[in-house]
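Notes to accompany the following structure.
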Amino acid sequence: MALAVTSSNSISSSSFALTSSSNDIKVSQIGSFRLVDRAHVASTSLSQRRSLVRPLNAEPKRNDSVVPLAATLATPEVAEKVEGEEDFEQFAKELENASPLEIMDRALEKFGNDIAIAFSGAEDVALIEYAHLTGRPFRVFSLDTGRLNPETYRFFDEVEKHFGIRIEYMFPDAVEVQALVRSKGLFSFYEDGHQECCRVRKVRPLRRALKGLRAWITGQRKDQSPGTRSEIPVVQVDPVFEGLEGGVGSLVKWNPVANVKGNDIWNFLRTMDVPINSLHTQGYISIGCEPCTRPVLPGQHEREGRWWWEDAKAKECGLHKGNIKQEDAAVNGNGNGAGNASEAVADIFNSQNLVTLNRTGMENLARLDHRQEPWLVVLYAPWCQFCQAMEGSYVELADKLAGNGVKVGKFRADGDQKEYAKQKLQLGSFPTILFFPKHSSKPIKYPSEKRDVDSLMAFVDALR
């Protein structure tokens with residue numbers, strides 16, 4: 001694990017660098033060890049000191065014989081009581097309007113060496129900059145899935161050099177990866193979903209990492225994924241993973257930039273002259289593994305560049321699975337559809353120039369060989385953030401086409417209608433846009449993910 005710090009006084013070990021941001025005499029807790037300032041241990045040679053930092057995936061029990069000498073020179077302290085979930089709910093309310101820097105400072109102050117930043121190699125480098133600005137020691141870890149872009153690996157190296165830290169990389173179990181690839185191939189996630197691959201390459205390595213911590217820091221933002229992250233607090237008891245103590249409630253999750261907009265993150269990075277992943281200059285916003293990440297087009301939501309062949313609700317790899325509410329996940333067993341739980345979601349694509357089609361109407365339209373007018377129909381789910389993002393352009397298109405010889409409609413294709421839409425209407429993910437020609441029963445699927453008015457109009461004009 002990288003223990004990054006920001007000042008001149010330093011203690012070095014084989015794996016970590018530790019510096020103090022103040023010359024005041026302090027005692028700081030590092031795992032179960034306590035470090036005192038060099039004023040207390042001036043007579044102790046560096047060669048006598050052993051590693052002061054517990055690896056991220058260390059076991060909770062320790063041998064007293066390896067406690068560093070520095071730890072024996074400090075006055076014993078009473079261990080802090082582990083806070084309960086209710087305490088952190090109140091803490092989240094208190095920090096709701098706090099700046100990311102203040103939240104980061106509170107997190108590092110409270111948990112010391114028992115907390116680490118999860119770094120994905122994207123714009124969450126802002127977390128490292130905030131931690132650096134606090135002047136406190138901090139640790140950084142990252143999950144190397146074995147499928148990252150070359151640019152991301154180079155970025156990791158650049159970040160280490162820029163901040164003077166060492167990132168601790170967590171790797172998937174080689175036997176599990178081998179079994180998955182041999183049984184299902186290198187790209188099985190395109191056929192049966194990304195969850196299995198992510199579970200082997202990301203979730204299980206993360207679980208090992210978090211077992212050595214009491215808290216972790218993520219770069220989640222509410223605006224990243226409205227379907228799954230819109231309600232994340234700045235601090236919470238982790239609903240999925242366990243920490244050092246083991247059991248429910250043993251791990252705290254901090255989200256310092258939860259309330260920050262993506263544009264503000266980028267303004268911060270530019271202002272502070274922080275290095276960025278070169279993929280960002282190529283149109284990538286949300287960056288993950290190479291096979292499952294691609295650039296997004298202007299107007300597209302950043303998460304459309306991740307697992308684009310799946311529905312919006314499935315766009316969590318499992319690291320933040322707790323964001324998906326139980327009622328959403330229970331809709332059809334995998335969180336990809338909508339049923340009773342989604343009925344309360346307000347409908348979208350509302351316009352007097354849009355025809356709402358029910359199942360019977362959709363079947364009749366698809367059955368016709370000769371129509372009086374061609375039709376453009378969007379297959380949608382009102383909870384899908386990508387459908388919501390194109391609502392304005394689709395309604396504007398309907399208004400422009402009103403009285404111009406093309407009918408514009410919408411068909412809600414989630415819940416009970418999803419299987420029909422997949423089998424009969426080419427539904428792959430939401431939204432799917434179909435053009436029904438005047439003299440053909442077979443609809444033509446809009447092939448692009450560029451959903452602005454001009455692009456959609458060009459599609460219609462080319463076919464009508």
Side-chain angles (χ1 to χ4, degrees), residues 92 95-105 107 117-134 140 149 151-152 155 158-159 162-163 217-235 253-288 293-308 312 315-317 319-320 323 348 383-394 396 431 449-455:
L95 293 174
E96 180 63 22
N97 297 316
S99 68
L101 182 60
E102 179 182 354
I103 297 169
M104 178 67 74
D105 187 66
I117 296 169
F119 178 44
S120 70
E123 80 279 2
D124 54 352
V125 68
L127 296 175
I128 302 179
E129 177 66 13
Y130 280 123
H132 175 73
L133 292 174
T134 68
V140 180
N149 288 277
E151 292 88 345
T152 299
F155 180 48
E158 188 177 2
V159 167
H162 180 83
F163 291 100
I217 302 168
T218 84
Q220 291 188 103
R221 303 192 320 271
K222 291 179 179 177
D223 68 338
Q224 280 177 325
S225 185
T228 61
R229 300 186 178 182
S230 61
E231 298 179 7
I232 56 172
V234 297
V235 60
K253 186 176 185 179
W254 292 78
N255 309 300
V257 294
N259 297 319
V260 181
K261 300 294 185 183
N263 289 339
D264 292 329
I265 289 288
W266 281 101
N267 289 336
F268 172 72
L269 294 176
R270 295 187 190 100
T271 300
M272 303 306 294
D273 196 25
V274 177
I276 63 170
N277 192 323
S278 62
L279 289 173
H280 289 306
T281 65
Q282 302 173 40
Y284 292 79
I285 301 180
S286 178
I287 299 174
T293 306
R294 68 179 182 180
V296 295
L297 298 169
Q300 284 186 302
H301 191 277
E302 63 185 84
R303 296 292 280 187
E304 284 201 73
R306 304 289 297 279
W307 309 296
W308 55 90
K315 298 200 174 187
E316 288 287 0
C317 60
L319 305 190
H320 306 295
N323 295 338
I348 55 177
W383 45 259
C384 169
Q385 69 262 36
F386 308 125
C387 297
Q388 295 166 5
M390 69 163 283
E391 180 179 15
S393 59
Y394 194 71
E396 183 179 347
E449 293 191 12
K450 193 172 183 179
R451 304 183 185 113
D452 59 282
V453 176
D454 292 338
S455 298

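Quick caveat, the model's predicted, so the values are computed rather than measured. Here, residue 1 is the first one in the sequence, and each next residue gets the next number.
In terms of heavy-atom proximity, Ala118 sits nearest to Leu127 at O-CD1, 4.3 Å. Across all non-hydrogen atoms, the minimal contact from Ile287 to Gly121 is CD1-O, 4.5 Å. A pairwise comparison of heavy atoms in Pro233 and Ala258 identifies O-CB, 4.1 Å as the closest pair. Of all the heavy atoms in Asn255 and Gln220, the pair that sits closest is OD1-NE2, 3.2 Å. Taking each heavy atom of Ala107 and Trp254 in turn, the nearest pair found is CB-CD2, 3.4 Å. Residues Leu95 and Glu102 come closest through the heavy atom pair CD2-OE2, 4.2 Å.
With values rounded to the nearest 0.5 angstrom, Cys387 atom SG is found 7.5 Å from Arg451 atom CZ. Interatomic distance, CG of Leu279 versus OG1 of Thr293, reported as 8.5 Å (0.5 Å rounding). Distance check: Lys450 NZ to Ser393 OG gives 12.0 Å after rounding to the nearest 0.5 Å. In this structure, OH in Tyr130 is found 7.5 Å from OG in Ser99, a value given to the nearest 0.5 Å.
Taking the side chain as every heavy atom from C-beta outward, Ile103 and Val235 never approach each other to under 4.5 Å. Proximity of Met272 to Leu133: side-chain heavy atoms (C-beta onward) are separated by under 4.5 Å at one or more points. Using a 4.5 Å heavy-atom cutoff, the side chains of Arg221 and Glu123 are in contact. The shortest side-chain heavy-atom distance between Tyr284 and Asn277 does not fall under the 4.5 Å cut-off. For the pair Phe163/Glu129, a side-chain contact is recorded, criterion being any heavy-atom separation below 4.5 Å from C-beta on. Between Arg270 and Ile276, every side-chain heavy-atom pair lies at or beyond the 4.5 Å cut-off. Considering only heavy atoms from C-beta on, Phe119 comes within 4.5 Å of Val159 through its side chain. Phe155 places none of its side-chain heavy atoms less than 4.5 Å from the side chain of Ser278.
With Thr134 contributing its side chain and Asp105 its backbone, the two residues share no donor-acceptor pair below 3.5 Å. Proximity of a side-chain donor or acceptor of Asn259 to a complementary backbone N or O of Val234 within less than 3.5 Å is not detected. The main-chain N or O of Ser120 is found under 3.5 Å from a side-chain atom of Asp124 such that the two form a donor-acceptor pair.
In summary, of the residues considered (Val274, Ile265, Ile117), a side chain to side chain contact (heavy atoms under 4.5 Å, CB included) with Val125 occurs for Val274 alone.
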